There are 2 protein chains.
Amino acid sequence: MNAEKIPDIIIGRLPVYLRALQRMADNGLKTTSSQELGEHVGISAAQIRKDISQFGEFGKQGTGYSIAYLLDKLKEILKVNHIWDVALIGAGDMGHALVRYQGFTNRGFKIVMVFDNNKEKVGQKIDGFSIEDADKLAERIKSSGIKIAMLTVPAPAAQSVADKLVQAGVKAILNYAPISLNVPKSVKVQYIDPSIHLQRMTYYL
Amino acid sequence: MNAEKIPDIIIGRLPVYLRALQRMADNGLKTTSSQELGEHVGISAAQIRKDISQFGEFGKQGTGYSIAYLLDKLKEILKVNHIWDVALIGAGDMGHALVRYQGFTNRGFKIVMVFDNNKEKVGQKIDGFSIEDADKLAERIKSSGIKIAMLTVPAPAAQSVADKLVQAGVKAILNYAPISLNVPKSVKVQYIDPSIHLQRMTYYL
DNA sequence: AAGTACTTGTGTCTAATTGCACAAAATCTT
DNA sequence: AAGATTTTGTGCAATTAGACACAAGTACTT
């Protein structure tokens with residue numbers, strides 16, 4: 001075990017291992033090896049062993065890893081052994097798709113509030129959710145203690161909404177707006193911008 | 001200039017620079033510096049200078065970079081100085097959101113085909129697009145010469161669709177399905193999985 | 001025209017990350 | 001029960017990435 005600071009790059013790979021292990025578990029598998037897991041996720045076996053060993057000795061020589069046990073440990077490390085409430089800001093097409101997305105609940109997240117600044121949308125329902133007025137965002141998030149938000153507003157609005165989220169105590173933002181956000185170092189941001197991702201591949205074509 | 005192999009990690013940052021520069025240009029700015037650009041994207045000025053200098057000497061001492069010129073150069077490097085045709089597979093909520101998304105055309109991409117394997121959806125229209133039968137996918141993609149695909153199908157279908165895409169000559173896949181894809185090294189994959197991105201932040205909460 | 005301020009591109013150093021290899025432990029085979 | 005096989009965790013080496021510092025060129029100021 002190692003109590004030192006774990007590099008971001010290792011933390012970034014853990015969710016990928018977690019997803020693959022969950023899939024194995026769903027398929028009824030009981031144990032796996034760094035070799036096998038590596039083939040599934042496209043990462044070298046040595047890398048996987050080293051990553052996992054940062055947090056403890058979870059494997060057994062000759063046998064490998066118990067999938068159920070490693071799943072538990074990874075969920076604990078990533079703090080997704082319970083469900084996080086998430087606020088969604090921006091009820092456009094992307095916001096709608098995310099509200100309806102079935103892939104959050106069994107992976108640690110649940111959307112519990114949806115906001116939009118368009119007064120005509122406020123009060124409308126998506127899958128049972130009432131869209132709330134973005135003017136009430138700060139107050140509602142602060143009082144509910146929500147720490148995670150997903151941002152699906154147009155680029156010009158994104159920074160000012162992010163500022164309000166930070167002010168309201170949000171510590172993690174999943175940003176779908178095509179713009180780099182400026183936030184305090186204590187707040188984490190992850191970016192999803194399909195054009196950026198596509199442009200990372202065209203260089204190689 | 002440097003003709004050697006450019007590291008992936010540098011290529012990965014270029015689209016972020018490109019997006020920020022485009023924004024500056026839209027705001028009427030003519031020049032910028034590594035310092036200023038760095039503040040916008042949250043990357044050190046030295047890093048930005050070193051990244052850009054891999055491809056040539058695009059700046060001028062004392063002045064910085066011409067935004068229009070650097071934009072041109074980055075687009076050329078990333079090969080997004082023309083529009084790439086893209087195929088979308090999976091006409092669910094996410095597929096719909098992507099078809100309607102306005103952020104592709106001025107950044108180098110255009111969805112030109114949409115496929116689904118649900119026979120009831122085939123023939124339906126999204127924003128003017130007729131949804132095509134996924135059985136025809138290989139043939140249609142091969143004959144059209146499309147090199148880029150976006151995958152928004154359920155996880156269990158993703159690998160087999162990816163295999164067909166590779167077979168049809170696709171060289172870049174933007175994968176929204178929550179599963180690691182197994183493809184030849186000559187094919188690039190980028191992953192978008194909101195749960196993964198969220199799990200990369202919860203560790204720090 | 002001289003001085004000041006700004007900014008690039010890059011050489012050097014430091015830090016971070018990955019790859020390799022193997023002892024040790026567990027299991028399987030005969 | 002002995003030998004063969006599997007597989008982990010980790011020390012060390014190699015590679016890669018990032019930070020720092022500065023000469024040199026450009027523009028601005030007085």
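In what follows, chains carry the letters A, B, and so on, assigned in the order in which the sequence lines appear, proteins first and then strands, with residues in each chain numbered from 1. Please read all numbers here as calculations on a predicted model, not as lab measurements.
Between A:Asp135 and A:Lys119, at least one side-chain nitrogen of the basic residue sits less than 4.0 Å from a carboxylate oxygen of the acidic one, meeting the salt-bridge criterion.
Phosphate proximity of D:dT7 to A:Lys60: absent, as no side-chain N or O sits under 4.0 Å from OP1 or OP2. For the OP1/OP2 pair of D:dT7 and a distance below 4.0 Å, the side-chain nitrogens and oxygens of A:Thr63 include no atom meeting the criterion. Distances shown here put every side-chain N or O of B:Tyr65 at or beyond 4.0 Å from the OP1 or OP2 atom of C:dC6.
Comparing A:Asp51 and B:Gly62 by the nucleotide of DNA chain C whose heavy atom lies nearest to each, the residue mapping closer to the 5' end is B:Gly62.
For B:Tyr203 and A:Asp8, the side-chain atoms include no donor-acceptor pair closer than 3.5 Å.
Ranking C:dA25, D:dA19, C:dC22 by closeness to the A:Gln61 side chain, first place goes to C:dA25. Here the side chain of A:Arg13 is nearest to one of C:dT18, C:dT8, C:dT17, namely C:dT18. Nearest to the side chain of A:Lys50, among C:dT7, C:dG19, C:dA25, sits C:dG19. For B:Ser34, the side-chain atoms get nearest to C:dT8 when compared with the rest of C:dT8, D:dA17, C:dC22.
The ring of B:Phe58 has its center no closer than 6.0 angstrom to the ring center of B:Phe55.
B:Ile9 comes within 4.0 angstrom of sugar-phosphate atoms only, judged by non-hydrogen atoms across all strands, and of no base. When heavy atoms are screened at a 4.0 angstrom cut-off, A:Ile52 is found touching no nucleic acid atom at all.
In this structure B:Arg100 satisfies the salt bridge (charged side-chain N to carboxylate O under 4.0 Å, His left out) test together with A:Asp93, B:Asp127, sequence neighbours excluded.
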